[in-house]
Amino acid sequence: MFSYEKRLQFPVNIKNPNAMLAQAIISQYGGPDGEMGASMRYLSQRYAAPYREVASILTDIGTEELGHLEMVATIVHQLTRGLSMEEIEDSGFANYYVDHTIGIWPQAASGMPFSSAQFQSTGDIIADLMEDMAAEQKARLTYDNILRLVRDDSDVCEPIKFLRAREVVHFQRFGEALRIVQDRLNDKNFYAFNPGFDCNGQKTN
C-alpha cells in the first residue's frame, strides 16, 4: 500500500510558459523512456523477483518513479498554463491542443501515445534487471537532451537536473540488485536457468 505525501519530491515553480519546451519534456511523461513506463515496469517486475531484497529495490524505485511522473506532469502543466491562442499556434502546440486542450496526456515528444509495449516484464530477474539498467541510462540520456534545450530557463532546468540525478542513482541501485542475484546463483549456471521459475537450476516441469 502506498502512502501519498502531498508535495513534489523537488519543487517546480515555472514563471514563463513555453509550449515548445512542454512538447519536448512531455516525452518523459509518456515517451518510450519516460517515467510512466519506468514505474509500470518496475512495479510489475517486482512480483516475480526471487529475492526479497531485489523485490524491495524494484518497489522502492517504481514508487519513486510515480513521484517523478508527478513532477514531469507539473512541469508540462506550468509550461502550458495561460497560453494564448496565438502562442499555441506559433509554438506548434496546436495539434496537441486540438485533442487535449492543455490537459496532461501521456505521449512522446513525437506525438506517439504511451504504450505498455514500450517495456517488458519477463519473470526472469537477470533479463528484467538488465532492461532496468538500460532504461535508466536511456532516461538519463533523454534528460541530457532536455537540459540542452532548457539551458536558459533555470526554473525548468533545476527540476530536470534533479530528475537526471535520480536516474543515475537508480542505475546504481539496479546494479546492486543484479550483484545480489549474481552472488546467489551458481556461476556455472549463471544464465542457464531462471531463479524465479526453475528450482536449483533444474526445470520444475
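Quick caveat: nothing in here was measured; it's all calculated off a predicted structure.
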Legend entry - Short N-O contact, E158 and K161, less than 4.0 angstrom: yes
Legend entry - Given V169, D128, D132, the one that forms side chain to side chain contact (heavy atoms under 4.5 Å, CB included) with F174: D132
Inset, instruction - Begin with the C-alpha distance, continue with both residues' side-chain angles, and end with the deciding distance and a verdict on salt bridge (charged side-chain N to carboxylate O under 4.0 Å, His left out) for R164 and E167. - result: CA-CA 5 Å; R164 181 197 182 279; E167 305 299 349; over 6 Å; no
Inset, instruction - May I ask you to decide if G123's main-chain N or O and Y47's side chain share a donor-acceptor pair within less than 3.5 Å? - result: no
Inset, instruction - Apply salt bridge (Lys or Arg N to Asp or Glu O under 4.0 Å) to E70 and list each qualifying residue two or more places apart in sequence or on a separate chain. - result: none
Inset, instruction - Report yes if some heavy atom in the side chain of T80 is under 4.5 Å from a heavy atom in the side chain of Y97; otherwise report no. - result: no
Legend entry - Heavy-atom check, side chain of Q23 versus side chain of Y96, under 4.5 Å: no
Legend entry - Backbone of F162 reached by a side-chain donor or acceptor of Q9 within 3.5 Å: no
Inset, instruction - Please answer: with hydrophobic residues joined when any side-chain heavy atoms are less than 4.5 Å apart, are M112 and Y29 in the same cluster? - result: no
Inset, instruction - Side-chain contact test, heavy atoms from C-beta onward, threshold under 4.5 Å: evaluate it for R81 versus Q78 and give yes or no. - result: yes
Inset, instruction - For H77, enumerate each residue passing the ring pair (Phe, Tyr, Trp, His ring centres under 6.0 Å) test, keeping only those at least two apart in sequence or located in another chain. - result: none
Legend entry - Side-chain (Q45) to main-chain (Q120) donor-acceptor, under 3.5 angstrom: yes
Inset, instruction - Indicate yes or no: does R148 engage D144 in a salt bridge with an N to O separation below 4.0 Å. - result: no
Legend entry - With sequence neighbours excluded, residues passing salt bridge (Lys or Arg N to Asp or Glu O under 4.0 Å) with D33: K138
Inset, instruction - Using the ring of Y51 (Phe, Tyr or Trp, six-membered ring only), decide whether R184 places NZ or CZ under 6.0 Å from its centre and within 45 degrees of its axis. - result: yes
